[in-house]
A.B. asks: 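What follows is a structure written as structure tokens; I'll ask about it next.
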Protein chains: 2
Amino acid sequence: MDLSERKKKILSAVIETNIKSNQTEAVSSKQLQEEYMPKVSSATIRNELNALEEMGFLTHLHTSSGRVPTREGYEKYTSELMEEKKLSESEKETIKSNFSSKLLSLRDIIEKSAKTISKATNYTSIVYAERANKAIIKDIKFYPVSRTTQLVVVVTSDRVINELSNLGTNDENDLNSASAILRDLFVDKPLSLIINKDFRDKVVTKELQKYKVVFDKVIEIIESNEQNYLGDISIAGKDKLMDYPEFNNTEKLKKAVSLFEDKDSIIPLIKNGDDLELSINVGSDKSGLEDCSLVTITCNLNDEKHITAGVIGPMRMDYQKAVSVLKEVAYTIENTLAENQGDENER
Amino acid sequence: MDLSERKKKILSAVIETNIKSNQTEAVSSKQLQEEYMPKVSSATIRNELNALEEMGFLTHLHTSSGRVPTREGYEKYTSELMEEKKLSESEKETIKSNFSSKLLSLRDIIEKSAKTISKATNYTSIVYAERANKAIIKDIKFYPVSRTTQLVVVVTSDRVINELSNLGTNDENDLNSASAILRDLFVDKPLSLIINKDFRDKVVTKELQKYKVVFDKVIEIIESNEQNYLGDISIAGKDKLMDYPEFNNTEKLKKAVSLFEDKDSIIPLIKNGDDLELSINVGSDKSGLEDCSLVTITCNLNDEKHITAGVIGPMRMDYQKAVSVLKEVAYTIENTLAENQGDENER
DNA sequence: TTTAGCAATCATCACATTTGAGTGCTAACA
DNA sequence: TGTTAGCACTCAAATGTGATGATTGCTAAA
């Protein structure tokens, strides 16, 4: 269903006016005429508005109120009508300046990104680093802490697991030979393999028998980590939602705050099924928040690691701003890293 | 200034009625008479209320409204009038059942504690594990990740630091001999010493010269961690605040949500200057949230590590509940750990 | 197809009125 | 001296009323 040029212009105008106003204000035919199309009369615009309403893009609160976009209206706008808006140089500069030139840890990167996006857009932002599919074990070491507590450190290509445990012995020699045996068995093997029972059964033999407790504990730690570790996530600007009249009722706000508190439910939201670079989800049907929109972008940190950055806000969101900020941040992430992976050394 | 028995009873009754009602309801003389003291007339109670008001423990919104406790009233109540309320066995059981019998990591303990407290009290809870004063370096290792990125792992008696860095070389031999030298120098030395410039200057000599870049990077990582690591903190039930009419205005809510987002400002709040076991702070003057109360308890995880658990809620908080839940959790923490430090092995 | 003109609609505001819960005070009582 | 009944007074909250103005839908003419 294609719209006439004038209808496109009017729908865009309604939506953009709506976005710019701080209130959830309805837009009137007169206002549109004055600000967008002084050549035609308000009556003409009214006719067009009526048509757009019949198509389902606009709606009406009551007879004498102006027009408000529907979910479908926003969707039409983001998917077809919206033009790309470049950020000003100073805005770009501000974003870049948030990332220091140092090579940051993954945690740093996602936290900085989330803060930056939230500050630049004035919406809540979520940045998520998926865990690697195939983490390889690099090292296993034990450190005595107290008589009955040992620190277990498992270094993988994806993350460093460290947990206190009771390995059943605190003898330094025992710990050393146990870890040596485990290293022999596990280093350069994928985490997923170790959880596999067949592999384990095949392996527990001879020397290992002596360190059965240690072996079990380490498996337990790896298993629990492998099951619980979903990736790294950072959310910033949770309070930003409250600036928008859409969230002026406590019910909605409560839902949002609970959602943000629970990683397990927020990760599926932001996880991009496909490898879309940019995705705009209007009136997020994907559970969570009603009448909210979610804009996400995915970029590659390296061959193994994807980062997905997103903006959550009211349906009446400044999509242009959100998109351009996300693009800039994604660019900066890939770029910052590229710089550091070059051969030059800072300092 | 001591109160007559009847005044004590009336003040307690006003406060407890106030706490029990979901609304911020003022309490009337008639209500008090019916529910607490049918032997005397409402007029008598009115006289007493008047006296309590003159002492500053109660107040009045307008002539014909009932009485509401002042901050001073709540303080008097928590410090002198409130009686200890034991939890029922089933409540205790519920709390205990949240902690599995496994020896949990510190992170697990504080997260579980926070969730448990929040669930049991219906208030927001904060659990904080202070960092150890004297962390000792136990190990330093490097792992090649990509051509220009290495994983630096520094194990200390207090935590495991791991960061990606560019050490300037990816040669396994180089990395190994560099880490060997650093281990020789640093293992069993306190973190604080390593940051000390004098010590560093004394140490950078002969063999180390070759690994100047590596040395600098490691120092940088340790230094930054030592400065930024404040301890582990977990906050649960941020949405609980919204159940209380006190937080029905967006302004307050926004403040609360922003506060919770910022670790740096929340830690000083909960940090107990003295080693008080239990502390009740009515109408928390300690920055942060106005008209809020903070109840905290401190317990020892081991000789080095203290855990502080707290409840944040409106001044009109169920202090009895908060105190008994906190006590139970503190007991469980110390106990759970004690069990695991015993000699028996589960399984 | 566009436009002017006009009746109809309805949220919003200001203002008045009513209602009822609750206190303060006074005078009498124990 | 402490307690009580009774009553006037106060004030928030609920309810009602009417005016205002923005905006639409419709019609008929250009």
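For clarity, every value in this text was computed on a predicted model and none was experimentally measured.
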A.B. asks: Quickly work out the K39(B) NZ to dT4(D) C1' distance and round it to whole Å.
C.D. replies: 17 Å
A.B. asks: Expressed in angstrom and rounded to an integer, what is the separation of L49(A) atom CG from dT2(C) atom C1'?
C.D. replies: 15 Å
A.B. asks: Which is true for S42(A) with a 4.0 Å heavy-atom rule: it touches a base, it touches only sugar-phosphate, or it touches nothing?
C.D. replies: nothing
A.B. asks: For the pair made of CE in M37(A) and C1' in dT1(C), what is the distance, rounded to whole Å?
C.D. replies: 15 Å
A.B. asks: Quick check on DNA chain D: between H62(A) and T44(B), whose nearest nucleotide comes earlier from the 5' end?
C.D. replies: T44(B)
A.B. asks: Respond yes when some side-chain nitrogen or oxygen of T63(B) is under 4.0 Å from OP1 or OP2 of dC11(D), and no when none is.
C.D. replies: yes
A.B. asks: Looking at dG5(C), I'd like to know if its phosphate oxygens (OP1 or OP2) sit under 4.0 Å from a side-chain N or O belonging to R46(A).
C.D. replies: no
A.B. asks: Tell me: CD of E53(A) to C1' of dT23(D), nearest whole Å?
C.D. replies: 13 Å
A.B. asks: Let me know the distance between NZ of K30(B) and C1' of dT4(D), rounded to the nearest Å.
C.D. replies: 16 Å
A.B. asks: Shortest non-hydrogen contact from L52(B) to K7(B)?
C.D. replies: CD1-O, 3.9 Å
A.B. asks: For D318(A), which residues count as a salt bridge (Lys or Arg N to Asp or Glu O under 4.0 Å) partner, sequence neighbours excluded?
C.D. replies: none
A.B. asks: Can you measure K7(B) atom NZ to dT3(D) atom P for me and round it to whole angstrom units?
C.D. replies: 9 Å
A.B. asks: Using only side-chain N and O atoms of R67(A), determine if any of them is under 4.0 Å from OP1 or OP2 of dA22(D).
C.D. replies: no
A.B. asks: If only side-chain N and O atoms of S41(A) are considered, is one of them under 4.0 Å from the OP1 or OP2 phosphate oxygen of dT3(C)?
C.D. replies: yes
A.B. asks: Taking only side-chain nitrogens and oxygens of N50(B), does any of them come within less than 4.0 Å of OP1 or OP2 of dG24(C)?
C.D. replies: yes
A.B. asks: Checking E5(A) against K8(A) for the salt bridge (Lys or Arg N to Asp or Glu O under 4.0 Å) test, could you report, in this order, the C-alpha distance in whole Å, the side-chain angles of both residues, the deciding distance, and whether it holds?
C.D. replies: CA-CA 5 Å; E5(A) 279 311 309; K8(A) 284 184 187 172; 3.5 Å; yes
A.B. asks: Ring centres of Y123(B) and Y244(B) under 6.0 Å apart?
C.D. replies: yes
A.B. asks: Could you tell me the separation between the CD atom of E25(A) and the P atom of dA11(C), rounded to a whole number of Å?
C.D. replies: 17 Å
A.B. asks: Anything under 3.5 Å between a donor and an acceptor, one on a side chain of residues 26-35 of chain B, the other on a protein residue two or more places apart or in another chain? List them.
C.D. replies:
{"residue": "S28(B)", "atom": "OG", "partner": "Q31(B)", "partner atom": "N", "Å": "3.2"}
{"residue": "S29(B)", "atom": "OG", "partner": "R46(B)", "partner atom": "NH1", "Å": "3.3"}
{"residue": "Q33(B)", "atom": "NE2", "partner": "V40(B)", "partner atom": "O", "Å": "3.0"}

A.B. asks: Rounded to the nearest Å, what distance is computed from the CG atom of residue N47(B) to the P atom of nucleotide dG24(C)?
C.D. replies: 9 Å
A.B. asks: Do any side-chain nitrogens or oxygens of S64(A) fall under 4.0 Å of OP1 or OP2 in dA11(C)?
C.D. replies: no
A.B. asks: Can you check whether S65(A) has a side-chain N or O nearer than 4.0 Å to OP1 or OP2 of dT23(D)?
C.D. replies: no
